[in-house]
Amino acid sequence: MILSDQEYQMHKAAVWRATIILSVVTTVEVGIALLYDTFFHESGFRMALAVFMIMATLVKAYYIVAVFMHLKYERKAMAITILMPIMFLIWLLIALLMEGVSWHQMIEFYG
Amino acid sequence: MTTATNTVQANSESNVWEGGQAPFGVKYGKLMMWYFLLSDAFTFAAFLISYGAIRFTVGQDIWPEPNRVFDAFPVLGHGYPLLFVSLMTFILILSSVFMVRAVQEGHQMNKKGVILWLGFTILGGIAFLSCQAWEWAHLIHNGMTMTSPITYEIGGHGSGAVFVGPLAFGQLFFTITGFHGFHVTTGVVINTIVFLNVVFGTYEKKKNYDMVEKVGLYWHFVDLVWVFVFLGFYLL
Amino acid sequence: MTALLIILVIVLVLVVLLQIALTSDFINFIKGDDDEEGRSKFQGTMLMVFLVFGFIALLWSVYYFKGRFLPEPASEHGHLIDMNFNLALLFTGIVFVVTQILLFYFAYKFRYRKDRKALYFPENNKLEVAWTIVPAIVLTFLIVKGLTSWYAITSDAPEDKIVFEATGKQFAWVLRYPGVDGELGALAGRDKVSPTNEVGIDWNDPSSKDDFLANDIVLPVGKPVEVQIEAMDVIHSFFLPHFRLKMDAVPGITTRFWFVPTITTAEMREKLGDPGFNFELACAELCGRGHSSMRKVVTIVTPEEYDKWVKAQTPYSQLVGAYEQKAPLQTADNSNTGTPLNAEIN
Amino acid sequence: MSDVNTTMEHTHAEAGHHAHEAHHENFFTKYLFTMDHKMIAKQFLITGIFWAIIGAFFSVVFRLQLGFPNADLSWLAPVMGRWLTPDGTLDPNFYNALITMHGTLLVFFVLTAGLSGTFANFLIPLQIGARDMASPLMNMLSYWFFFLASVIMFASLFIPDGPAQGGWTAYPPLSYLQGQGMTLWLLSLTFFVASTVLGGLNYITTILNMRTKGMSMFKMPLTIWALFFTAVIGLLSFPVLVAGFILLIFDRSLGTSFYLSDLVVNGQFLDKGTGSPILYEHLFWFLGHPEVYIVILPAMGIVSEVLSVNSKKPVFGYRAMVFSILAITILSFLVWAHHMFVSGMNPFVGSIFVLFTLLIAVPSAIKVFNWIATIWRGNIRLNPQTMYAIGFVSMFISGGLTGIFLGNSTIDIQLHDTYFIVAHFHIVMGVAAFLGMFAGVHHWFPKMFGRYMNRSMAYMHFWVTLIGAYLIFWPMHYMGMAGVPRRYYSFDAFDAFSQFAGMNTFISVVAMIVFAFQILWVANFFYSIFRGRKVKESNPWGATTLEWTTPINPGHGNWPGDIPEVYRWPYDYNKNGHEFIPQTVPMEEGELEHEETPAPEKVS
């Protein structure tokens with residue numbers, strides 16, 4: 001089980017690197033979120049910001065799963081069995097968001 | 001990871017599926033934890049997707065602005081949008097980092113290291129929970145509950161123009177952050193049990209710190225979920 | 001009491017069967033040799049008998065129930081649905097007959113014999129590819145046909161439609177017609193519901209003035225009709241079996257369905273030779289104790305008769321005296337702010 | 001290397017440990033709080049049978065109501081008590097409770113826990129060559145969570161309000177408006193989910209990690225493949241149901257409005273927000289649809305195995321069978337909203353669901369054709385389990401094909417929530433899954449209890465069940481096409497529906513006879529456990545799989561010596577003149593694997 005000193009240092013470095021990346025991304029996210037103050041109701045700008053936020057969140061999720069949870073170092077087959085089922089959620093997300101929009105319209109129908 | 005590297009050397013990738021060995025080079029306990037987390041991820045995803053659907057149903061126009069809802073800080077008062085929640089995020093991330101360190105020390109069979117870092121992890125968890133308790137108390141104090149809507153003053157504190165949000169916002173907020181908080185609480189409890197076991201040398205006798213690794217996975221998962229909760233409630 | 005007797009008889013028969021079964025297995029056991037061949041032959045023959053009698057019973061049942069399943073469709077899109085049904089029936093029918101025959105026939109034909117050797121036949125790519133691709137093609141065809149019809153049925157109603165509103169509540173339907181002006185008055189919200197305002201009509205909306213509540217559904221033949229479906233308490237489902245129309249009534253949101261009736265009740269009665277025939281409205285989503293009693297009669301009449309019927313109805317506002325009390329008050333309010341009468345007021 | 005093998009060694013050690021402890025086993029450790037997967041399987045089976053009797057009895061009672069409306073049922077008063085109106089008819093609320101409990105019990109407690117719980121526990125370690133499950137402790141907990149769920153559900157039958165009455169789908173706001181019965185229902189199912197998830201984790205990791213030497217994934221019997229993907233489906237879909245339930249529980253108890261909007265109930269205005277009941281429908285069916293595959297996949301696996309063993313012929317197209325199970329698993333997560341075509345959902349979203357739904361017919365068709373090709377030119381011993389398996393295939397064809405009608409949104413407008421759908425799912429996931437379960441119990445009964453089940457009784461039961469099931473459900477298609485809605489207490493009010501009164505009576509009578517014969521089967525089951533003919537040889541059916549290499553009554557740990565090593569796939573029947581070649585027999589010099597064997601020259 002015990003790692004060589006060199007490997008141990010390497011893993012430690014990877015973790016601290018990931019920590020810094022997570023912190024920076026979070027700071028940037030929060031900084032940009034403050035822009036909502038002025039642009040909260042402008043849909044085009046909001047959309048762009050939302051896309052950015054989602055991307056940034058996915059980056060953070062990647063570092064947590066890959067480095068902290070160590071998935072990057074596991075066998076590929078295992079990573080695949082864990083990540084593939086997440087695909088089902090994407091269709092659930094798309095379907096339910098489309099439904100949400102359509103419910104909104106059906107409620108708006110009578111005002 | 002030692003497990004992984006060793007087995008890769010021992011067997012070429014092609015015949016790891018031939019039986020008589022673990023194809024992922026991972027013991028069943030860790031595998032179970034991973035699949036449990038996958039399953040739990042579906043619960044959280046269902047919550048967050050429901051949040052999305054309800055938000056679209058209510059409509060963007062009357063959805064509250066996070067910068068206005070969450071602009072309080074203990075002692076300092078109002079007018080610091082997202083500051084407190086950023087602090088919570090950092091606490092959780094740091095706690096997660098401490099956990100990785102504990103797991104790494106566990107692999108090195110370094111009991112003292114594990115005690116140190118696992119101790120920090122638990123403190124981080126408790127700090128996060130305290131922050132969340134403060135935030136909840138603050139929001140409830142300001143009138144947002146499961147059955148009464150969020151209100152805030154549009155032009156900042158003292159401006160007088162009151163915005164009344166939809167009921168759904170508070171309900172979703174308390175449900176989802178509550179469910180996350182429940183996971184953090186469970187995590188702290190489990191971490192504490194494992195911590196005591198480390199102190200009493202249970203794993204030293206067993207000659208492996210696998211249990212630390214397993215609860216570590218759970219703890220990172222809690223962090224992972226927070227990233228998405230953070231996205232849903234504070235950033236979008 | 002009879003039921004109790006029947007149960008007693010069934011129990012008795014069961015006990016007898018139990019005894020027979022026990023002894024027959026016991027005899028086999030004593031004789032020591034299990035006649036596997038004879039047993040398989042008997043069961044195999046039974047399978048063939050079941051197959052033959054099954055198909056005879058199937059044909060007889062189709063003959064017996066002819067005209068009762070999929071009753072004559074009474075709407076335009078009903079024909080579309082029936083066409084899709086028959087198409088699916090054709091393909092599935094072929095598959096059904098072929099596979100059932102093969103299954104039972106093979107089980108009979110290749111039943112156990114001491115001297116028979118089974119064939120070692122684990123794979124055949126050609127066969128497998130064939131029975132992957134053929135169903136896929138047939139299904140693609142069904143999907144395309146089905147979705148074309150689906151989009152036609154769920155498309156927006158034409159402009160000259162007649163609109164009416166059906167609100168489900170435990171356990172009845174409230175039917176609201178737009179009256180002479182052809183426009184339904186807006187709803188003010190469920191908090192306005194009271195014995196004198198059954199669905200919470202917004203009395204400030206002038207088009208609500210001539211709306212009337214009908215006891216039964218009356219509609220003209222040949223005109224597009226849009227139903228706006230609402231629910232007050234739990235989910236109901238607006239179901240007109242003869243018109244092939246079903247749409248859930250969901251509390252909080254308004255669902256819609258449009259259709260064109262193609263046959264009047266009188267014509268249908270003549271066709272069926274049943275003077276008591278009526279089209280019916282039912283609830284198709286479990287809604288509680290009275291789920292099976294949410295019935296309304298649907299009468300399809302000629303457009304002239306329909307117009308006459310609409311004119312003969314008393315507006316709901318008059319029945320409950322809504323305008324006498326409320327309208328002047330509201331006008332006074334509006335004159336202050338200058339908003340028109342039909343402005344949105346919650 | 002040593003690390004990797006710890007899993008195996010761990011179980012070796014544990015098995016030895018248990019064998020050593022065997023002398024100290026008392027009643028509690030042997031039959032109740034046992035960690036032996038075989039005993040846990042039996043616990044699941046017997047609890048499942050208990051619920052099956054209750055669930056089926058409920059269906060008989062509501063069939064009485066439908067077949068003989070307004071009949072005097074006062075003779076049922078000792079059982080039904082206050083649920084009968086003073087004039088002896090069934091109370092409509094109780095009718096709703098009966099259909100709700102019938103659905104819940106049979107779908108979850110019998111066909112999920114009783115079927116996959118039994119066979120996953122029993123077969124996985126035995127057929128892949130493992131001493132026990134990866135975590136015997138969690139396995140035990142899985143049963144006891146199920147038991148807890150059972151106790152709560154059973155208790156809910158006796159509370160004053162009566163059990164849940166909202167249909168097994170429990171759509172809000174109807175379920176929101178109900179009393180304690182629904183509370184207990186939700187609580188019970190939450191524990192049930194815990195049981196399923198614990199079990200599923202165990203099944204998956206056991207299959208991945210604990211296979212014996214040589215047992216590669218593509219040497220596993222189809223039962224294991226089916227149970228594996230069943231566990232995967234359960235693991236991924238049940239959590240979403242839990243999320244849906246939590247929101248519903250909050251709506252019921254904390255005053256939230258996730259699924260509620262402004263309502264008027266009994267003239268009373270309830271001030272709520274802008275929730276949508278359709279959201280619950282989505283969350284429910286995200287489980288609800290995969291659930292039907294949780295029910296049918298184990299039966300499919302069992303039937304493949306039984307047909308192959310008894311016709312002494314390899315399963316045709318083994319790989320195609322595996323990949324069709326995989327395809328069904330994947331597609332099952334993409335099609336849930338085909339239960340909601342007329343719920344007011346967006347028609348465009350609906351059309352995508354049509355596309356995915358009808359695609360499922362392709363792997364299903366492959367499986368049916370492969371089964372038929374399996375028995376073609378076999379040497380079929382028409383044992384009871386073979387008969388059940390043939391009955392399964394017949395039922396699966398009949399019920400599967402009607403799915404093509406229902407998956408087509410256009411046709412579904414007419415058929416949704418009518419007796420057509422009742423007929424469809426009863427045939428395909430009710431009767432078919434039960435026939436698969438019967439086949440499995442008959443086939444593995446000698447391994448479970450060391451005795452045979454009574455054969456003559458089984459034949460009788462089979463024929464009555466098959467013929468009865470067709471007689472019950474076939475006419476329901478006609479009723480459904482005419483639009484007769486399901487969950488109706490009475491059809492008297494409607495001209496269009498009451499015309500089928502005679503048919504309803506007929507169906508009810510047949511249903512009662514079929515129910516009586518299910519009791520016969522249960523009697524056979526318990527009689528055979530204690531008095532059945534003893535098994536003399538360890539491999540009575542001449543099968544190749546590993547479970548038949550264990551002693552007749554295997555102890556905890558399954559194999560007394562080493563776990564046997566595996567050299568070939570599980571379906572080497574009638575290969576090179578041998579009737580069957582067990583998986584433990586090494587390949588001969590120059591022997592071809594099944595994928596490489598050329599097709600026979602004369603295919604006629």
Side-chain angles (χ1 to χ4, degrees), chain C residues 4 10 14 21 24-25 40 43-44 65 68-70 81 84-85 88 92 96 99 102-103 106-107 110-112 116 118-122 124 128 131-132 135-136 139 143 146-147 149-150 154 190-191 193 232-235 241 244 246-248 250-252 255 280 282 284 286 289 292-293 295, chain D residues 75 92-93 167 171 173-174 261-265 269 312-314 317 320 342-344 347 351 358 361-362 365 369 372 375-382 390 393 397 401 404-405 408-411 413-414 417 454 456-457 478 481-483 485 487-490 493-494 496 516 574-575 594 599:
Chain C
L4 204 62
I10 292 177
L14 274 185
S24 91
D25 263 28
S40 290
Q43 295 297 332
F65 288 107
R68 283 206 262 175
F69 47 78
L70 284 188
I81 292 178
N84 273 289
F85 188 96
T92 55
F96 175 79
T99 48
L102 288 183
L103 174 72
F106 285 167
F110 302 110
R111 65 183 185 272
Y112 175 73
R116 199 201 294 281
L119 178 72
Y120 186 73
F121 183 41
N124 185 321
E128 285 167 65
W131 60 52
T132 311
L139 285 166
I143 291 170
L147 288 186
S149 314
W150 172 247
T154 56
R190 294 283 183 236
D191 49 336
V193 172
M232 295 237 256
D233 33 38
V234 303
I235 302 179
R244 308 287 188 272
K246 189 182 288 133
M247 180 53 78
D248 280 6
V250 184
T255 53
E280 287 165 308
L286 180 63
R289 193 182 171 89
S292 51
S293 60
R295 175 179 186 260
Chain D
W75 53 276
N93 274 345
Y171 282 178
L174 184 60
S261 49
D262 292 351
L263 306 177
V264 180
V265 180
F269 175 69
K312 287 286 170 283
K313 201 166 161 286
V342 295
S343 70
S351 64
L358 291 190
V362 175
F369 292 134
I372 292 177
I375 62 172
W376 174 75
R377 291 195 64 181
N379 192 13
I380 309 163
R381 286 166 173 81
L382 290 170
I390 289 167
V393 179
I397 294 169
L401 286 172
I404 290 173
F405 296 81
N408 189 329
S409 54
T410 312
I411 308 175
I413 294 173
Q414 172 72 355
D417 260 339
N454 185 300
S456 309
M457 258 196 262
Y478 303 141
M481 284 150 75
R487 294 169 169 175
Y488 261 37
Y489 168 72
S490 155
F494 294 84
N574 274 302
K575 191 185 189 187
H594 65 97

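Below, chains carry the letters A, B, ... as their sequence lines are ordered, and counting in each starts from 1. Please read all numbers here as calculations on a predicted model, not as lab measurements. Quick note: numbers below take in every heavy atom, side chains included, and nothing from hydrogens, waters or symmetry partners.
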Between [X] and [Y], which heavy-atom pair has the shortest distance, and what is it?
| X | Y | answer |
| --- | --- | --- |
| A88(C) | I411(D) | CB-CD1, 4.1 Å |
| F121(C) | P314(D) | N-CG, 4.0 Å |
| P135(C) | F369(D) | CG-CE1, 4.4 Å |
| V250(C) | S343(D) | CG2-O, 3.5 Å |
| Q414(D) | P241(C) | OE1-O, 3.4 Å |
| T154(C) | P347(D) | OG1-CB, 3.6 Å |

Item to check | side-chain contact (heavy atoms from CB on, under 4.5 Å) between D262(D) and D191(C), intermediate numbers included | outcome: CA-CA 8 Å; D262(D) 292 351; D191(C) 49 336; 5.6 Å; no
Among the options [options], pick out the one with the most heavy-atom pairs lying under 4.5 Å from chain C.
| options | answer |
| --- | --- |
| G378(D), A361(D), P485(D) | G378(D) |
| L358(D), I375(D), V342(D) | V342(D) |
| H594(D), K575(D), R487(D) | K575(D) |
| I390(D), V393(D), D417(D), I404(D) | D417(D) |
| G317(D), A365(D), S409(D) | S409(D) |
| N379(D), L263(D), N574(D), L382(D) | N379(D) |

Could you tell me which portion of [X] (side chain, backbone, both or neither) has an atom closer than 4.5 angstrom to a non-hydrogen atom of chain D?
| X | answer |
| --- | --- |
| F65(C) | side chain |
| E280(C) | side chain |
| S40(C) | both |

Item to check | Counterpart residues, side-chain contact (heavy atoms from CB on, under 4.5 Å), relative to S456(D) (two or more places apart) | outcome: A21(C), S24(C), D25(C), N454(D)
Checklist entry - Can you name the residues that form a side-chain contact (heavy atoms from CB on, under 4.5 Å) with L102(C), not counting sequence neighbours? => result V98(C), F106(C), I372(D)
Is chain C contacted by the side chain of [X], its backbone, both, or neither, given a heavy-atom distance below 4.5 Å?
| X | answer |
| --- | --- |
| Y171(D) | side chain |
| N93(D) | both |
| I413(D) | both |

Item to check | Residues L119(C), W376(D); criterion side-chain contact (heavy atoms from CB on, under 4.5 Å); working and verdict | outcome: CA-CA 9 Å; L119(C) 178 72; W376(D) 174 75; 3.8 Å; yes
Item to check | Distance, nearest 0.5 Å, that separates OG of S292(C) from CZ of F494(D) | outcome: 7.5 Å
Checklist outcome for this item: Distance col, row L147(C):CG vs T410(D):OG1, nearest 0.5 angstrom, shows 6.5 Å
Checklist entry - Among K246(C), R68(C), R244(C), which residue forms the greatest number of heavy-atom pairs with chain D at distances under 4.5 Å? => result K246(C)
Checklist entry - For the candidates L103(C), T255(C), T132(C), which exhibits the highest count of non-hydrogen atom pairs separated by less than 4.5 Å from chain D? => result L103(C)
Answer whether the closest heavy-atom distance between the side chains of [X] and [Y] falls below 4.5 Å.
| X | Y | value |
| --- | --- | --- |
| K312(D) | Y112(C) | no |
| R190(C) | F269(D) | yes |
| P173(D) | D233(C) | no |

Next on the checklist: Closer than 3.5 angstrom, by distance alone: can the side chain of S261(D) be matched with the main-chain N or O of P251(C) as a donor-acceptor pair?
Outcome noted: yes
Item to check | Steps toward side-chain contact (heavy atoms from CB on, under 4.5 Å) verdict (K313(D), F110(C)) | outcome: CA-CA 11 Å; K313(D) 201 166 161 286; F110(C) 302 110; over 6 Å; no
